[in-house]
K.L.:
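I have a structure here, written as structure tokens, and I will follow up with some questions on it.
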Amino acid sequence: MDFVTILLLSIAVAADCFVVSVSNGIALNKFIFSPIIKMAFLFGLFQAMMPVFSWLAGKQCGSWIEPYDHWIALAILSFLGAKMIWESFDENSDSEGEVVLHWGRLIVLAIATSIDALAIGLLFVTETTERFVFAVICIGLCSFVFSLIGNCLGIKIGNRMPFNTERIAGCILILIGIKIFIEHTLF
């Protein structure tokens, strides 16, 4: 694979990170450096590590997870989105931006958005190790940068909305899960 192909692949893989980060930025609704960096770091790390796992495991791992990856992503993202919507109705919630501050939730989101990247390692089984390492670094950096940009954009959007942004963020997560499911079942 050439440089341009690896870069385009990295951008495509980072798209889900961007959208989820926008939804979390909307829910956060204010700039807090720590959770934004945590999310970007975890998204970059998980997006980079998933291809490593499938590359190491070869075709066995990819053929096992591929039939179910869209179901897993749909379930995780729908659960988190529904939970976010449910929590938005809690009048006793005093923690603005709780959505992005919790490590456990960030790790679950990082896993959910990186499941598709698991199959990418299989594309590099016949490539040189150097090219694969370059791809992993590129995927991780693109996901990190896209997550940072997405969070900042989401915060900017969230500050302008006169209604509960956590509900919108929850709906976005559910829609991303549905999008992943449809892409894998229809195309």
K.L.:
Could you tell me the separation between the CE atom of Met50 and the CG atom of Leu45, rounded to the nearest 0.5 Å?
P.N.:
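So the gap between those two atoms works out to 10.0 Å.
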K.L.:
Using every non-hydrogen atom in the two residues, find where Ser10 and Cys138 come nearest and quote the distance to one decimal.
P.N.:
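Heavy atoms only, the tightest pair is OG-SG, 3.3 Å.
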K.L.:
Which heavy atom of Gly44 sits nearest to which heavy atom of Ser143, and what is that distance?
P.N.:
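Shortest heavy-atom contact: CA-CB, 3.9 Å.
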K.L.:
Hey, what do you get for OG (Ser23) to CG (Leu175), rounding to the nearest 0.5 Å?
P.N.:
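Atom-to-atom, Ser23:OG and Leu175:CG are 10.0 Å apart.
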K.L.:
How far does CG of Leu56 sit from CE of Met49, to the nearest 0.5 angstrom?
P.N.:
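Going from the CG atom of Leu56 to the CE atom of Met49 covers 8.0 Å.
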K.L.:
Quick one: pull up CD in Gln47 and OG in Ser114 and give me the separation to the nearest 0.5 Å.
P.N.:
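Answer for the CD-OG pair, Gln47 versus Ser114, is 5.5 Å.
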K.L.:
Please check if Ile149 and Leu141 belong to a single hydrophobic cluster, counting links between Ile, Leu, Val, Met, Phe, Trp and Tyr side chain heavy atoms closer than 4.5 Å.
P.N.:
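Ile149 and Leu141: separate clusters.
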K.L.:
Is it true that Phe3 and Val133 fall in one hydrophobic cluster, defined by side-chain heavy atoms closer than 4.5 Å?
P.N.:
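Hydrophobic grouping puts Phe3 apart from Val133.
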K.L.:
Could you grab the distance from atom NZ of Lys179 to atom CD1 of Ile174, nearest 0.5 Å is fine?
P.N.:
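Answer rounded to 0.5 Å: 15.5 Å.
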K.L.:
Using a 4.5 Å cut-off on heavy atoms from C-beta on, say whether the side chain of Ile26 contacts that of Ile155.
P.N.:
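They are not in contact (no side-chain heavy atoms under 4.5 Å apart), so the answer is no.
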K.L.:
Search all heavy atoms of Ser147 against all heavy atoms of Met39 and return the closest pair with its distance.
P.N.:
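Here Ser147 and Met39 meet closest at OG-CG, 3.6 Å.
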K.L.:
Examine distances only and state if a side-chain atom of Ser78 and a backbone atom of Ala75 form a donor-acceptor pair shorter than 3.5 Å.
P.N.:
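Absent.
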K.L.:
Counting only heavy atoms not in Phe79 (residues, nucleotides, ligands), do more than 12 fall under 6.0 Å from its CZ?
P.N.:
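No, the 6.0 Å shell around CZ holds no more than 12 heavy atoms from other groups.
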K.L.:
How long is the gap from CD1 on Ile85 to SG on Cys171, to the nearest 0.5 Å?
P.N.:
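Reported value, rounded in 0.5 Å steps: 4.0 Å.
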K.L.:
With a 4.5 Å cut-off on side-chain heavy atoms, are Phe134 and Ile139 touching?
P.N.:
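SC-SC contact between Ile139 and Phe134 ruled out.
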K.L.:
So which heavy atom on Ser21 is nearest to which on Asn151, and how close?
P.N.:
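Heavy atoms of Ser21 and Asn151 come nearest at O-OD1, 3.3 Å.
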K.L.:
Below 6.0 angstrom between ring centroids: does that apply to Phe146 and Phe43?
P.N.:
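Distance test on ring centres: not under 6.0 Å, no.
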K.L.:
Measure across Thr113 and Asp16 and return the closest heavy-atom pair with its distance rounded to 0.1 Å.
P.N.:
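Thr113 and Asp16 have their closest heavy atoms at CG2-O, 4.2 Å.
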K.L.:
Quick one, Leu42 and Trp103 - any side-chain contact, counting heavy atoms below 4.5 Å?
P.N.:
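Yes, their side chains come closer than 4.5 Å.
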K.L.:
Do Ile137 and Leu148 share a hydrophobic cluster (ILVMFWY, side-chain heavy atoms under 4.5 Å, transitive)?
P.N.:
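In one cluster with Ile137: Leu148, no.
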K.L.:
If Ile, Leu, Val, Met, Phe, Trp and Tyr residues are connected whenever their side-chain heavy atoms lie under 4.5 Å apart, and connections chain through other members, are Ile6 and Leu8 in the same group?
P.N.:
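Yes.
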K.L.:
If you apply the rule side chain to side chain contact (heavy atoms under 4.5 Å, CB included), what do you find for Ile11 with Phe18, and how did you get there?
P.N.:
CA-CA 10 Å; Ile11 290 169; Phe18 175 77; over 6 Å; no
K.L.:
Does either side chain, that of Asp2 or that of Thr5, offer a donor lying less than 3.5 Å from an acceptor on the other one?
P.N.:
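Looking only at side-chain atoms, Thr5 and Asp2 do form a donor-acceptor pair, the distance falling under 3.5 Å.
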K.L.:
Are Leu7 and Phe132 connected in the hydrophobic side-chain network, where two residues link if heavy atoms are under 4.5 Å apart?
P.N.:
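Yes, because Leu7 and Phe132 connect within a single hydrophobic cluster, where side-chain heavy atoms sit under 4.5 Å apart.
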K.L.:
Write down the atom of Phe46, the atom of Ile107, and the distance for their closest heavy-atom approach.
P.N.:
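In this case the closest contact between Phe46 and Ile107 is CZ-CG2, 4.0 Å.
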